[in-house]
There are 2 protein chains.
Amino acid sequence: MQSTSIKALLAAEPLSQEVVINGWVKTFRSNRFIALNDGSSLANIQCVVDFEQFDEETLKQINTGAALKINGTLVESQGRGQKVEIQVKDIFVHGGSNPETYPIQPKKHSMEFLREQAHLRVRTNTFSAVMRVRSALSFSIHHYFYQNGFYYFHAPIITGSDAEGAGEMFRVTTLDDKDPPLTEDGKVDYREDFFGKETNLTVSGQLEAEAYAMGLGKVYTFGPTFRAENSNTSRHLAEFWMIEPEMAFYDLADNMDLAEDFIKSVITYILEHCREDLDFLEKRLLDEEKTKPQAERSEMALIEKLRFVVDNGFKRVTYTEAIDILRNSKPNKKKKFKFPIDEWGADLQSEHERFLVEKHFKCPVILFDYPAKIKAFYMRLNEDGKTVRAMDILFPGIGEIVGGSQREERLDVLKSKMEALGIPEEELWWYLDLRKFGTAVHSGFGLGFERLVLFATGMGNIRDVIPFPRTPQNAEF
Amino acid sequence: MQSTSIKALLAAEPLSQEVVINGWVKTFRSNRFIALNDGSSLANIQCVVDFEQFDEETLKQINTGAALKINGTLVESQGRGQKVEIQVKDIFVHGGSNPETYPIQPKKHSMEFLREQAHLRVRTNTFSAVMRVRSALSFSIHHYFYQNGFYYFHAPIITGSDAEGAGEMFRVTTLDDKDPPLTEDGKVDYREDFFGKETNLTVSGQLEAEAYAMGLGKVYTFGPTFRAENSNTSRHLAEFWMIEPEMAFYDLADNMDLAEDFIKSVITYILEHCREDLDFLEKRLLDEEKTKPQAERSEMALIEKLRFVVDNGFKRVTYTEAIDILRNSKPNKKKKFKFPIDEWGADLQSEHERFLVEKHFKCPVILFDYPAKIKAFYMRLNEDGKTVRAMDILFPGIGEIVGGSQREERLDVLKSKMEALGIPEEELWWYLDLRKFGTAVHSGFGLGFERLVLFATGMGNIRDVIPFPRTPQNAEF
């Protein structure tokens, strides 16, 4: 007989039908009630055992974490809080779970402990909920772009170019680790490496995505990107997934419209499809925040916060306006900022972004038209000659979640920017080609996927929203 | 006024409505007919110019590859082969394209030449069609798993484990390239590397996916994987995308059922959604094959071949049956095989797989129950003690497209396998944990995405179905 998912059974009518399920024991109470879970939903199904019908040996193996196959009858539940339950006829123990050694006991574990058990933590309610929401967000992202005429573009992961300058890179090599071949002038001879040149892990697929947008019109990447930065914070990973749409014929305003609509759509999607998991995560967050001083607690509960993003326009503010607000702000005047804001041109730090988003506007903010000097070479220079058509979207509690821009489409301007920054034209000959042949206004942005998951789940540390986090000194599993 | 995609206009009723479109010039005939394309579909829209209304300077810029914005009226087409066309009112030239230097002229280019222009080749009909099909296949894969209760699992790309043994690996490092720190006994001191240990690019997300399947039930990966193998063939890439579903409580038969249903579903999807592109690719293939001797041509045209896969059951054959067939085959008796088949236990080579699929069965074949000795340590040992529950799916013209197995769920058997192969338990402590706590029958497979795209598009070289291929000596762009 085919087995059924617990999610399907929990939604079924109890007609005394015969069912087969597989799953793992969450709890076993009174030698009678097995709460069984198979990952298909947060909720367990209650399986009622008449213990006199089963031998001691079988009952002894029904411990938290054990894998069972159960045959039984789906009936109306006698207990509270569930519509249906299973009257157990047969139990097959796939595999036991020694309660003395199984790390995931039905009690509260610290996040730190669970990170060390990253191969098992998905068996907890919190992590299974987070990972289901992560999966639903992924699907909603593909779905959104597909519906809107975008093509999924797989950017290369190993790259021979280091011109983007988005951050420190990991080297990819097959050369001898101790005695690499050397050139005559004593440098490592990368001509002998696998790709015949020095290669690194990508920090962004944007430049390649631009090449594809200039043929397919609208494309997006959704793939892993890397930063070899020694950042041990709750917001940084060395390996993370990024979404980078790139659109021909879009200017900065179109780009902002798209980013806002996109974020609202994917959050709406999980509000509609992951309600059980989000309710659980909201409760988890409330419990966690009870341990914090009042001032540090969120003003909104998780689902309220998600609804707020969906229901309200993102505030669009130029960098220049933001600097005025910050310069005249209380924390600036009282010298509470670590980096005081004196003049136009200063790079905004996390403390400034948080002030704008969390204290001043109290909503998602899109900052745009940044000083050219603090932004990347490929951003479209405004007519003022000193700002570029860049935009960052800042979220409460998360900080920057999106960074994007209209791209510089004018060959001469791009070339002089590259020259000023010492980027050799040979490095990016193909990128310049895009401006030589059929160049056009185009734009795009990047969204760090784990930051979105962090926001959507209310988790506190980015290491807890990716299955196996990679951070300095940590590549276990 | 908002611009419209050409795909939408081609499907619209010509009601003399005002429209704005953006796109690139494919051809400009008789100073009058612009064929414009924006990547939204293979088909161009014809824009009719009354050249007397435009100055010479504008007309001179309308060359193949130039980017234009056109305002005009959508009317019924006077010409053949198209329902609608645009009577042009205004032309804005986003960017010209010098016909003397633009590499993508409206003529036949060799695939080799276009690989050197990988940033521009997506502007050709062939590559835009391939990449649209690739994108649709990607979406259909996510869609299939989502509909069937799977969760998308992001396997780590950088891995500290090298136990899987699926192939040669790329090292990932931030150590000094020439003078890495050394330990006292003169080896490279990886404790000082970014992750505090030696790390590589993943060759498979399977082992980690197993950990997630044992909590979430059914998961799949769809991400990049890597092989540092010096294979310069039309079927190998150093960087490629792989899909790896992993299912708790699935045995080998369930696994084969899933793989077959999955492949048929995604191919059905593109037959329903990419017909225009597939028709074009079918014609392309026919043209290409005309240059080949009769014996080397495909027996079926592209779409017929795709339908054949959808409409017919995959033939399921044990390894033992396959060996019997091969041993008694004409090419074996006539010593035409490079590797003659003498006895049970021989590893099958590409020539044998091709004989089985293309000559003997003439349909997709699932080979299963392979000798344990030629398969990986994690595959479930059969009761005969000498075969494992492995399966490979072989496709005509492509060879192996899927490799999978039921996994060894018994701790003692897995341990003794690892010991026999010299895989230290410390390396895979967490993988063994999955067998200690709630182990159960489970299975999964891996499908090389580019091989699927190759099959679906009828292209001849795997470098031509991924945007920027990575192969030995080549990581350009």
Side-chain angles (χ1 to χ4, degrees), chain A residues 5 22 24 38-40 65-67 94-95 97 102 119 122-123 128 131-132 135 138-139 142 146 149 151-154 156-158 160 170-174 177-178 188 194-196 199 208 211-212 215-217 224 228 239 241 249 430 433 437-440 467-468 470 472-473 475-477, chain B residues 5 22 24 38-40 65-67 94-95 97 102 119 122-123 128 132 135 138-139 142 146 149 151-154 156-158 160 170-174 177-178 188 194-196 199 208 211-212 215-217 224 228 239 241 249 430 433 437-440 467-468 470 472-477:
Chain A
S5 80
N22 289 289
W24 292 271
D38 65 359
S40 63
H94 287 289
S97 178
Y102 186 49
H119 60 310
V122 71
R123 302 179 183 195
S128 73
M131 294 306 162
R132 276 188 297 267
S135 174
S138 298
F139 183 72
H142 286 297
Y146 185 78
Y151 300 106
Y152 185 24
F153 159 76
H154 291 100
I157 309 300
I158 297 172
F170 290 102
R171 197 165 71 251
V172 174
T173 182
T174 57
D177 61 350
K178 200 181 145 193
V188 171
F194 188 90
F195 295 107
T199 51
E208 290 90 354
Y212 261 57
L216 292 179
E239 171 182 315
W241 286 66
F249 314 118
W430 59 271
D433 265 9
F437 308 116
T439 190
F468 296 99
R470 268 60 180 121
Q473 299 299 311
E476 194 57 73
F477 308 102
Chain B
S5 79
N22 289 289
W24 293 272
D38 64 0
S40 62
H94 287 289
S97 177
Y102 185 49
H119 61 309
V122 71
R123 303 179 183 196
S128 74
R132 276 189 296 266
S135 175
S138 299
F139 182 72
H142 286 297
Y146 185 78
Y151 300 107
Y152 185 24
F153 159 76
H154 291 100
I157 309 299
I158 297 173
F170 290 102
R171 198 165 69 251
V172 173
T173 181
T174 58
D177 61 349
K178 199 181 144 192
V188 171
F194 188 90
F195 295 108
T199 51
E208 291 89 354
Y212 261 57
L216 291 179
E239 172 182 314
W241 286 66
F249 313 119
W430 59 272
D433 265 8
F437 308 116
T439 189
F468 296 98
R470 269 55 180 125
Q473 300 298 311
N474 176 36
E476 194 58 72
F477 307 102

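Here is the naming used below: chain letters follow the sequence lines, and residue numbers restart at 1 for every chain. The structure presented is a predicted model; accordingly, all values stated were derived computationally and were not measured. Note: hydrogens, waters and symmetry copies are ignored here, and every other heavy atom, side chains too, is used.
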Inset, instruction - May I ask you to test the A/Phe195-B/Pro472 pair for a side-chain heavy-atom distance under 4.5 Å? - result: no
Legend entry - chain B interface, residue from A/Ser138, A/Gly65, A/Ser135 that has the most non-hydrogen pairs under 4.5 Å: A/Ser135
Legend entry - Among the listed options A/Phe468, A/Tyr152, A/Phe139, the residue most often paired with chain B at heavy-atom distances under 4.5 Å: A/Phe139
Inset, instruction - Quick one: which of B/Ile158, B/Asn474, B/Asp433, B/Asp38 has the most heavy-atom pairs under 4.5 Å with chain A, could you say? - result: B/Ile158
Legend entry - Test item: B/Tyr151 and A/Met131 side chains (from C-beta on) under 4.5 Å apart, heavy atoms: no
Legend entry - Region of A/Pro224 in contact with chain B, defined by heavy-atom distances below 4.5 Å: side chain
Legend entry - Ring centres under 6.0 angstrom apart (A/Phe170, B/Phe170): no
Inset, instruction - Count the heavy-atom pairs under 4.5 Å between each of B/Ser5, B/Ser128, B/Ala67, B/Gly217 and chain A, then report the option with the highest count. - result: B/Ala67
Inset, instruction - Check each atom of A/Glu239 against the heavy atoms of chain B and say whether the ones under 4.5 Å are side chain, backbone, both or neither. - result: side chain
Legend entry - B/Trp24 ring center near A/Phe249 ring center (under 6.0 Å): yes
Inset, instruction - To the nearest 0.5 angstrom, please state how far the CH2 atom of B/Trp241 sits from the CD1 atom of A/Ile157. - result: 5.0 Å
Inset, instruction - Could you check whether the rings of A/His119 and B/Trp430 sit parallel, tilted or perpendicular, using 30° and 60° as the cut-offs? - result: perpendicular
Legend entry - Heavy-atom proximity to chain B below 4.5 Å, by part of A/Thr199: side chain
Legend entry - Which of A/His154, A/His94, A/Glu208, A/Arg132 touches chain B most, by non-hydrogen pairs under 4.5 Å: A/His154
Legend entry - When B/Ser97, B/Gly149, B/Ala66 are compared by non-hydrogen pairs under 4.5 Å with chain A, the top option: B/Ser97
Legend entry - When B/Ala440, B/Pro467, B/Ser40, B/Ala228 are compared by non-hydrogen pairs under 4.5 Å with chain A, the top option: B/Pro467
Inset, instruction - Search all heavy atoms of B/Gly160 against all heavy atoms of A/Arg470 and return the closest pair with its distance. - result: N-NH2, 4.4 Å
Inset, instruction - Select one option (side chain, backbone, both, neither) describing which atoms of A/Tyr212 are under 4.5 Å from chain B's heavy atoms. - result: both
Legend entry - Student check: side-chain heavy atoms of B/Tyr146 and A/His142 closer than 4.5 Å: no
Inset, instruction - Count the heavy-atom pairs under 4.5 Å between each of A/Arg123, A/Gln473, A/Glu476 and chain B, then report the option with the highest count. - result: A/Gln473
